[in-house]
> 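This is the structure I have questions about; it appears just below.
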Number of protein chains: 2
Amino acid sequence: MLDPLEVAAEPNRRRLLHLLAAGERTVTELAAGFTVSRSAVSQHLLLLEQVGLVSARKEGRNRYYCLDAAGMRNLRLLFEQFWTTELDMLVDDARNFTTDRLPTSEESS
Amino acid sequence: MLDPLEVAAEPNRRRLLHLLAAGERTVTELAAGFTVSRSAVSQHLLLLEQVGLVSARKEGRNRYYCLDAAGMRNLRLLFEQFWTTELDMLVDDARNFTTDRLPTSEESS
DNA sequence: TTAATACGTTAGCCATTGCTAACGCATTAA
DNA sequence: TTAATGCGTTAGCAATGGCTAACGTATTAA
């Protein structure tokens with residue numbers, strides 16, 4: 001799975017990103033707040049790292065994960081790209097049926 | 001899978017929501033723009049319907065799918081809920097290490 | 001130095017997902 | 001009415017995802 005938006009959407013990973021917003025944390029620290037194992041959390045983090053949403057720094061035998069600002073900004077961008085059209089649709093209902101569903105007829109008059 | 005955000009994140013489904021923003025469409029019409037089969041598209045639509053992001057209307061032997069405005073608004077809300085904290089973090093870097101990582105020490109002075 | 005402990009990651013398993021192929025059903029044509 | 005066509009959905013399967021258990025490695029204690 002290489003799509004940041006899809007990766008970020010998974011509930012456990014969403015929560016991890018939330019926790020990391022408060023500052024860097026080790027795998028164990030993060031896992032403390034979860035019902036699932038340290039291992040599971042680690043794997044979620046590795047996936048988040050793979051799509052550039054977090055990065056890690058090694059210190060002693062710990063690995064400190066933190067948010068990747070650029071990656072997160074990109075995530076925001078991806079969502080905005082996805083959203084705009086739908087938002088337009090919901091805000092301005094009149095535009096929904098005008099364009100290419102019935103191109104030759106005059107729909108409303 | 002009962003989480004709208006996770007359901008909406010899948011690329012094919014994102015694209016379906018985009019297409020439906022232009023107005024209601026039948027399964028076949030929607031499937032025309034995809035490399036995957038009509039069947040696959042139908043299943044994605046059923047899932048989107050299950051989490052309230054789209055709804056369907058039967059007419060003749062066709063089934064017209066369209067966006068569910070309330071569901072889409074809810075999706076937007078879920079994303080904003082998720083985002084705020086991270087957005088704060090990226091915009092205002094100073095707040096990152098203050099709160100609960102080193103609660104008893106004075107961190108910077 | 002050696003044993004014990006604690007960290008994060010890999011191995012392997014089960015459940016879920018996403019797909020094509022087969023299907024049922026409705027509509028149209030003969 | 002009966003056959004053929006076209007619609008959307010289910011059946012069944014291969015691939016993927018998420019998990020626990022076992023592991024390797026690094027630090028700490030004896």
Side-chain angles (χ1 to χ4, degrees), chain A residues 1-20 23-68 75 82 101-102, chain B residues 1-20 23-68 75 82 101-102:
Chain A
M1 172 140 40
L2 11 49
D3 175 18
L5 219 126
E6 206 176 354
V7 167
E10 199 277 328
N12 283 323
R13 291 194 285 266
R14 272 178 4 222
R15 189 152 157 239
L16 282 171
L17 292 174
H18 259 143
L19 291 171
L20 287 174
E24 63 178 12
R25 294 283 187 279
T26 66
V27 177
T28 304
E29 284 171 353
L30 289 166
F34 285 78
T35 58
V36 298
S37 69
R38 212 168 62 240
S39 169
V41 169
S42 171
Q43 287 171 73
H44 283 304
L45 289 167
L46 289 171
L47 192 52
L48 287 169
E49 188 179 24
Q50 223 175 317
V51 297
L53 292 174
V54 306
S55 59
R57 167 180 77 81
K58 192 152 167 52
E59 181 182 317
R61 65 179 160 188
N62 292 328
R63 215 169 126 83
Y64 286 90
Y65 278 95
C66 67
L67 289 187
D68 183 296
L75 179 65
F82 159 73
R101 195 172 62 90
L102 294 168
Chain B
M1 172 140 41
L2 11 48
D3 176 18
L5 219 128
E6 208 175 354
V7 167
E10 200 276 329
N12 283 323
R13 290 194 285 265
R14 258 152 53 195
R15 190 152 156 239
L16 282 171
L17 292 174
H18 259 143
L19 291 171
L20 287 174
E24 63 178 13
R25 295 282 186 279
T26 66
V27 177
T28 304
E29 284 171 351
L30 290 167
F34 285 78
T35 58
V36 298
S37 68
R38 212 169 61 239
S39 169
V41 170
S42 171
Q43 287 170 74
H44 284 304
L45 288 167
L46 290 171
L47 192 53
L48 287 169
E49 188 178 24
Q50 223 175 317
V51 296
L53 292 174
V54 306
S55 59
R57 167 181 76 80
K58 193 152 168 50
E59 180 182 315
R61 64 180 160 185
N62 294 327
R63 215 169 126 81
Y64 285 91
Y65 278 95
C66 66
L67 289 186
D68 183 297
L75 179 64
F82 159 73
R101 195 171 61 89
L102 295 167

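Reminder, nothing fancy here: chain letters follow the sequence lines and each chain counts from 1. These figures come from a predicted structure and were not determined experimentally.
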> OP1, OP2 of D/dC19 versus side-chain N and O of A/H44: anything below 4.0 Å?
yes
> Rounded to whole angstrom units, what separation is found between the CG atom of B/L47 and the P atom of C/dT17?
8 Å
> From C-beta outward on A/S42, which listed nucleotide comes closest to its side chain: C/dT9, D/dG18, D/dG8?
C/dT9
> Of all the choices, D/dA26, C/dT20, D/dT20, which nucleotide is nearest to the side chain of B/A40 once you look at every atom?
C/dT20
> Would you mind telling me which residue lines up with the more 5' stretch of DNA chain D, A/R13 or A/K58, judged by nearest nucleotide?
A/R13
> Reckon B/S37 has a side-chain N or O less than 4.0 Å from the OP1 or OP2 of C/dC19?
no
> Which heavy atom of A/A8 sits nearest a heavy atom of A/R14, and at what distance?
O-CG, 2.9 Å
> Under 4.0 Å, heavy atoms only, any strand: does B/L46 hit a base, just the sugar-phosphate, or nothing?
sugar-phosphate
> Do you know the tightest heavy-atom contact between A/L75 and A/L5?
CD1-CA, 3.8 Å
> Evaluate the side chain to side chain contact (heavy atoms under 4.5 Å, CB included) criterion for residues B/R25 and B/Y65: first the C-alpha distance (whole Å), next the side-chain angles of each, then the deciding distance (0.1 Å), finally the verdict.
CA-CA 5 Å; B/R25 295 282 186 279; B/Y65 278 95; 5.9 Å; no
> Provide, to the nearest angstrom, the distance between the CD atom belonging to B/Q43 and the C1' atom belonging to D/dA14.
14 Å
> Check every strand shown and say whether A/R63 touches a base, only sugar-phosphate, or nothing at a heavy-atom separation below 4.0 Å.
sugar-phosphate
> Nearest-nucleotide wise, let me know which of A/M1 and A/G60 is further upstream toward the 5' end of DNA chain D.
A/M1
> Please state how far atom CZ in A/R57 lies from atom P in C/dC7, giving the value in whole angstrom units.
16 Å
> Does any N or O donor sit under 3.5 Å from an N or O acceptor when you compare the side chain of A/S39 with the base of D/dA21?
yes
> Specify the separation, in whole Å, of atom OH of A/Y65 and atom C1' of C/dG8.
8 Å
> What nucleotide, of D/dG18, C/dC19, C/dT17, holds the atom closest to the side chain of B/N12?
C/dC19
> For the pair made of CG in B/N62 and P in C/dC25, what is the distance, rounded to whole Å?
18 Å
> Between D/dC7, D/dG18, D/dT20, which nucleotide gets closest to the side-chain atoms of A/E10?
D/dG18
> Check the distance between D/dG18's P and A/L48's CG and give it to me in whole angstrom.
11 Å
> So which atom in B/V51 and which in B/M1 form the shortest heavy-atom distance, rounded to 0.1 Å?
CG1-O, 4.1 Å
> Given atom CZ of B/R61 and atom P of D/dA4, what is their separation to the nearest angstrom?
15 Å
> Can you tell me how far C1' of D/dC7 sits from CG of B/L30, to the nearest Å?
13 Å
> Show the numbers, then the answer: is there a side chain to side chain contact (heavy atoms under 4.5 Å, CB included) between A/L53 and A/D68?
CA-CA 5 Å; A/L53 292 174; A/D68 183 296; 5.8 Å; no
